Amino acid sequence: MKSLDSQCVLELDAVSLNYRSGRASFDGGIHRVLNSVSFKLYEGETLGIIGRNGVGKTTLLRLMAGIIEPTCGVVRRKPGKTASLLTIALGFRPDLSGRDNALLSAMLQGCTKSEARLYLEDIKEFSELGDSFEEPVKTYSSGMRSRLGFTTALLTRVDILLIDEVLSVGDARFREKAQSAMKERVMGDQTVVYVSHSDVQVKSLCNRAIWIKDAKICAEGSPEEVVGDYNAHLKE
Amino acid sequence: MSPGRYIQLVDEMARMELRADASRYLLGYVWWILEPALYVTVFYVVFKIVLNSGRGDFLVFLICGKFAFIWFSKSVTQASNSIIANKGLIAKLDTPKSLFPMVIVQQSTYKQAAVFVLLFVMLVLFGYEVSWNWLWVIPLMVTNYLLILACSFIGACLVCLIRDFKMVISLAMIFLLFVSGIFWDVRALEDPAIANAILIFNPLAFLLDAYRQVLMYHSSPDIGHLFALMVGSALLVWVLVAVMRKANSLLALKALTS
């Protein structure tokens with residue numbers, strides 16, 4: 001197997017993903033999500049991925065996180081690097097309290113129980129959930145859920161943070177706080193892949209951007225250029 | 001994930017789930033005991049009172065079989081759904097998929113501990129003498145647990161790959177309810193060839209009968225048979241965990257897309 005060059009933490013090499021879903025409805029029931037997508041992710045950079053709904057952005061993140069494998073092509077990850085996906089309100093167990101959910105998330109991301117416990121107070125404080133932290137998540141508003149989800153993922157450390165549209169949630173004040181916390185991580189040595197259809201955030205947070213269209217990479221380069229092309233295309 | 005961390009996680013998730021489960025109902029933890037007790041009551045009313053069938057010690061006979069059967073059927077049914085039910089987590093993290101059925105089995109095993117206490121209390125109340133022979137239930141429970149785990153893993157994979165298996169599994173549970181000798185005695189069957197076949201091909205029937213041999217009749221179970229079943233189930237669990245590890249991302253894709 002080809003090894004990665006030293007600065008590269010993750011590489012997608014001609015990755016395609018098809019899957020068969022349910023009964024044959026169209027094209028023999030095969031969905032073609034990605035078609036021969038290749039790019040590299042470098043240590044410490046923040047890569048933005050833009051594209052319209054349903055073009056396979058989330059699927060791309062799942063491939064990078066190692067949750068699913070490509071139908072063909074290879075995903076190479078630098079040995080020992082952990083990647084985690086940060087999404088809005090996904091994976092919560094509604095009957096468990098915010099505390100239990102946070103503990104579980106941290107443990108599933110690789111902490112031992114005692115390590116996870118150490119994070120809990122920070123999570124409680126940052127998320128500003130107060131006493132609701134001990135209440136079942138089913139009683140939370142969607143804003144509260146995303147605050148919990150965001151905080152849990154942010155405070156437990158991973159090497160590659162894969163972010164799926166999280167900054168667009170919560171009230172204005174929390175959004176600002178989340179953005180600045182995010183920026184702090186991004187400016188540091190955190191490697192981040194950031195998926196969004198908000199061009200402003202991609203421009204302000206990312207060093208590099210990729211535009212996905214029709215299952216392929218349509219443009220790659222500086223965020224200004226790529227976002228500019230993307231916006232021009234949307235107006236057509 | 002290291003085995004130590006995996007076990008810690010299973011234990012933590014199972015206990016959280018039990019706590020959440022208890023808080024959902026007015027009677028909370030009482031249901032751990034109440035549910036199996038009600039099942040037994042229903043069977044008792046139908047078979048003893050309405051149909052007037054069965055033997056003098058029918059209630060104890062029924063309890064010995066039914067309690068262990070509920071442990072099996074509830075675990076396997078719930079575990080079969082468990083990978084799909086955890087779609088949300090699967091979409092977010094690369095987790096070992098065996099974790100989800102494992103948590104369900106662990107959860108029902110903790111509950112079962114309380115049910116077994118009830119079983120022993122009932123036995124004593126009905127005048128059965130406490131004896132060293134009862135220690136045989138330990139290898140029986142271990143075997144029972146391994147069998148549940150193997151069936152849960154199989155069920156969870158099948159339902160994840162093809163949803164239709166959900167229907168088949170609930171039907172299979174009803175079939176097992178009737179052929180495992182819960183409200184009738186395998187040993188009382190007229191044709192010994194059929195009795196033998198049931199004990200050999202239905203491991204659950206063998207286990208339920210063995211519980212009764214140990215608890216009610218102070219005899220030991222068929223040791224060779226029990227040992228073979230225990231080792232066989234353990235091997236199957238081991239193979240299934242390996243297969244699920246190999247197919248980890250396929251299971252994720254199936255859980256997320258079909």
Side-chain angles (χ1 to χ4, degrees), chain A residues 17-23 29-31 33 58-59 61-71 75 77 82-97 99-101 103-117 135-138 149 152-153 158 162 164, chain B residues 1-25 28 81-100 102-104 106-107 160-164 245-258:
Chain A
L17 185 89
N18 310 323
Y19 66 84
R20 191 178 279 278
S21 165
R23 297 188 307 136
I30 295 177
H31 295 249
V33 190
T58 303
T59 306
L61 289 186
R62 286 179 187 157
L63 283 163
M64 289 191 245
I67 293 166
I68 50 178
E69 272 168 18
T71 318
V75 178
R77 201 172 331 146
T82 55
S84 179
L85 206 75
L86 170 49
T87 49
I88 311 165
L90 260 184
F92 283 128
R93 288 157 175 262
D95 283 313
L96 299 183
S97 67
R99 179 181 292 277
D100 282 354
N101 268 297
L103 184 73
L104 211 56
S105 287
M107 283 178 77
L108 280 165
Q109 279 175 46
C111 300
T112 63
K113 195 175 168 184
S114 44
E115 284 166 350
R117 280 219 175 106
E135 300 284 322
V137 166
K138 65 183 169 194
T152 309
V158 286
L162 306 164
D164 196 359
Chain B
M1 194 178 281
S2 72
R5 281 237 336 273
Y6 182 88
I7 291 167
Q8 199 181 30
L9 194 56
V10 167
D11 170 68
E12 191 60 39
M13 285 173 84
R15 281 190 294 124
M16 276 182 187
E17 221 46 63
L18 285 174
R19 228 181 303 143
D21 204 38
S23 70
R24 210 173 299 158
Y25 300 108
N81 250 341
S82 62
I83 295 183
I84 301 172
N86 283 287
K87 243 184 188 175
L89 277 179
I90 290 170
K92 204 176 155 188
L93 287 162
D94 180 21
T95 46
K97 305 299 170 284
S98 60
L99 186 69
F100 304 111
M102 185 80 202
V103 167
I104 299 285
Q106 204 58 28
Q107 211 177 312
C160 181
L161 295 176
I162 302 168
R163 301 289 152 103
D164 308 40
R245 192 177 298 162
K246 200 104 188 126
N248 206 26
S249 65
L250 173 71
L251 290 172
L253 185 67
K254 285 288 177 188
L256 296 176
T257 57
S258 55

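This is a predicted model, so every value here is computed, not measured. Throughout, a chain's letter reflects where its sequence line sits, starting with A, and its residues are numbered from 1.
Looking at Arg163(B), neither its backbone nor its side chain comes within 4.5 Å of chain A, counting heavy atoms on both sides. Of the atoms belonging to Asp21(B), not a single heavy atom falls under 4.5 Å from chain A. Within the 4.5 angstrom heavy-atom criterion, atoms from both the backbone and the side chain of Gln8(B) approach chain A.
No side-chain heavy atom of Asn101(A) sits under 4.5 Å from any side-chain heavy atom of Met16(B). Taking the side chain as every heavy atom from C-beta outward, Leu96(A) and Val137(A) never approach each other to under 4.5 Å. Met13(B) has its side chain within reach of Leu104(A): a pair of non-hydrogen atoms, C-beta onward, lies under 4.5 Å apart. Using a 4.5 Å heavy-atom threshold, the side chains of Leu89(B) and Thr95(B) count as separate. A heavy-atom distance below 4.5 Å is not found between the side chains of Ile68(A) and Tyr19(A).
Residue-level contacts of residues 246-256 of chain B with chain A, in order of numbering, are Ser249(B), Ala252(B), Leu253(B), Lys254(B), Leu256(B); threshold 4.5 Å between heavy atoms.
Within 6.0 Å of atom CZ in Arg245(B), 12 or fewer heavy atoms from other residues, nucleotides or ligands are found, so the atom counts as exposed in its surroundings. The number of heavy-atom neighbours closer than 6.0 Å to CD of Glu69(A), taken from other residues, nucleotides and ligands shown, is 12 or below.
Among Thr59(A), Leu103(A), Asp95(A), the residue with the largest count of heavy-atom pairs under 4.5 Å with chain B is Asp95(A).
Across all their heavy atoms, Leu17(A) and Pro70(A) have their closest contact at CD1-CA, 4.0 Å.
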